[in-house]
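Both counts, for ligands and for their atoms, begin at 1 and track the order of listing. Sequential numbering from 1 along the given sequence is applied to the chain's residues.
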Amino acid sequence: MTNNFKNIPNQLVLATVLEATNTGIVITDNLLPDNPIIYCNPAFEQLSGYPRDEIIGHNCRFLQGKDRDQAERQKIRSAIDKGENCVVEIRNYTKEGKLFYNELYLSPVKDEEGGITHFVGVQNDVTSRKKVEQALEFNRAETEQKVMDRTRMLKESEEYLSSIIETIRESLVVLDRDYVILDVNNHFLNTFKVTINETKGRTLYDLGNGQWDIPELKKMMTEILPTNNPVLDYEVEHEFPHIGKKTMLLNAHRVEFEGQFKDRILLAIEDITERKAIEQRKDDFLSIASHELKTPLTTIVGFMQLMSRLMPENASPKFVSAFDKTGTHVTRLNQLLSELLDMSKIQTGNIELHKDLFDFDRMVGETVEGLLAATPSSKISVEGSTGTRVYGDESHMIQVLTNLISNAIKYSPDSDEVNVHLSQVSNFVKVSVTDRGMGIHADELKKIFGRFYRVRSTQKSFPGMGIGLYICEQIVKNHGGTLWAESKVGEGSTFSFTLPIHGGRENGDV
Ligand code: ADP
């Protein structure tokens, strides 16, 4: 209390200030044992919830209740010992036991010799500020934790992704919108025996000796970003630098990340040279085997026909039945071998078409008659007509129709009705074969035209090799037409094909 107060007339004014202020103030007497409180103002009573007579005479520590283990206490003790000022935020408890954060300014009062006679404690309840600070701190810690977790997860998924990318047995290339290579995996570098420097930053079409600079591929790649249409299973056979002649299978997709398309293309390149070679060997084997088997079988068929003519009239029924059964199985074997032979001819491009003009409706009528004779229990109806002659290979058309109707009968175990519908659409004839059979799942519809593909659920119960539809599709394609299927599981299927009436001739005489 130095010259700051020299103009204040008397102590009464100071006492009034102390009593009126909103800040809690206590004064302790340092000369008495245990430094007891000798004065507290009403604001302190308010703050602590204790009445003045329960405060006076106590050491300030009573405000901490049992919460004695606070670092701030050490600070206060040291300030008292040294006779210095100090500021702390200490946890205190009201008379009702409610926690409040007390911002305490502690100042010593010294006498003329410098001895500490009193301490003045100025106290404010900063609980709300403390709570906000604590909430902020909690949020910060929580956010930090979240960031750490997210970073860890990202790192993990990045590592996971890169381990997949590096383990995958396919070459991967990431391209930007100008087909410049941004990145490749090690498999790419190992397969093409190139370094990252020879690859990164160059456009796809400048690589090596221009192996990917193929107009058709370029066109498909150009369409990926604007249309999101991927390049699927595009085969490239090429004499590659360093590795020689190879067949590569290309798939390219627009990169999609967290549901958003980016202006990046992921190109996957698979070396299928070996697979193709194995397939080729398998095809060669099938072709040779079916050819070699067909020759003795033709002889067997001939001898069976001879035996049938030489069959004695009094042959026993058992003998006749065994002979007929042999005939049925020989015919079946003959059909299977013919299918295999047809397939290998298609594979090698050796299928011969003997095109001529033929009456399409007559051909359909005769084929259905033949099938009705072979399967008398089935009801095959023909509706509509094309009313035209078609330029094509009649025997192949009979083969397609026979196959579709036979399938319709075979895969309809609970229905014997098959409908064949004929029409002329523009310059095409259209044939639809409808059954009320088991139907085909949508996922399988495209696949059934593949070689050796059979719907899994039918594999065990129905005989077949899964090449009939493949042959049909190739024959129809070779005639310039299309073959497709529509179906609903449990309701039935419709197989339709179209054929150009003029069979691809410019000025067909039909
Ligand atoms: P295969 O009949 O010898 O198995 P296909 O190539 O003719 O060979 O047919 C391929 C597969 O398509 C068949 O195994 C069968 O699962 C399915 N399929 C063909 N036609 C029908 C049909 N009309 N109804 C239901 N499934 C069919």
### Task
Give the residue, atom name and distance (to 0.1 Å) of the protein heavy atom nearest atom 4 (O) of ligand 1.
R454 NE, 2.5 Å
### Query
Which residue owns the protein heavy atom closest to atom 12 (O) of ligand 1, what's the atom, and how far is it?
I448 CG2, 3.4 Å
### Task
Classify the side-chain pair Q399/D342 by whether it contains a donor and acceptor separated by less than 3.5 Å.
yes
### Message
Out of all atoms in ligand 1, which are within 4.0 Å of some heavy atom of L469? Include the element for each.
### Response
5 (P), 6 (O), 7 (O), 9 (O), 10 (C), 12 (O), 19 (C)
### Query
Does P463 offer a backbone N or O that forms a donor-acceptor pair with the side chain of K410 under 3.5 Å?
yes
### Message
For ligand 1 and I440, I'd like to know whether there is a polar contact (N/O to N/O, distance under 3.5 Å).
### Response
no
### Task
Give a yes/no verdict on whether any heavy atom in E444 is under 4.0 Å from an atom of ligand 1.
no
### Message
So for ligand 1, is G466 a polar contact partner (N or O within less than 3.5 Å, distance only)?
### Response
yes
### Task
Assign the ring pair F449 / F495 to parallel, tilted or perpendicular, where the plane angle (0 to 90°) is split at 30° and 60°.
perpendicular
### More than 12 heavy atoms from other groups under 6.0 Å of OH on Y205
yes
### Message
For the 3.5 Å polar cut-off, considering only N or O atoms, please tell me whether Y411 and ligand 1 meet it.
### Response
yes
### Query
Are N139 and E142 side-chain neighbours, meaning at least one heavy-atom pair lies under 4.5 Å?
yes
### Message
Under a 4.0 angstrom heavy-atom cut-off, which atoms of ligand 1 come close to T458?
### Response
14 (O), 15 (C), 16 (O)
### Query
Hey, are E237 and K276 close enough for a salt bridge, meaning a charged N less than 4.0 Å from a carboxylate O?
no
### Task
Tell me which one of N407, I467, V489, N403 gets a heavy atom nearest to atom 20 (N) of ligand 1.
N407
#### Entry: Flag side-chain contact, heavy atom, 4.5 Å: F358 against M397
yes
### Query
What protein heavy atom is closest to atom 23 (N) of ligand 1, reported as residue, atom name and distance in Å?
D435 OD2, 2.9 Å
### Task
Considering only NZ, NE, NH1 and NH2 on the basic side and carboxylate oxygens on the acidic side, decide whether E216 and K219 come within less than 4.0 Å.
no
### Query
Parallel under 30°, tilted from 30 to 60°, perpendicular over 60°: which one fits the rings of F188 and F192?
tilted
### Query
Is the CZ atom of F138 crowded by more than 12 outside heavy atoms at less than 6.0 Å?
no
### Task
Looking only at protein heavy atoms, identify the closest one to atom 10 (C) of ligand 1 and say how far it is in Å.
Y453 O, 3.4 Å
### Message
Show me which atoms of ligand 1 lie under 4.0 Å from any heavy atom of G464.
### Response
3 (O)
### Message
Any nitrogen or oxygen of P463 lying under 3.5 Å from a nitrogen or oxygen in ligand 1? Just yes or no.
### Response
no
### Message
Just to check, does F449 reach to within less than 4.0 Å of ligand 1 when the distance is taken from its heavy atoms?
### Response
no
### Query
N/O to N/O below 3.5 Å, does that happen between M465 and ligand 1?
yes
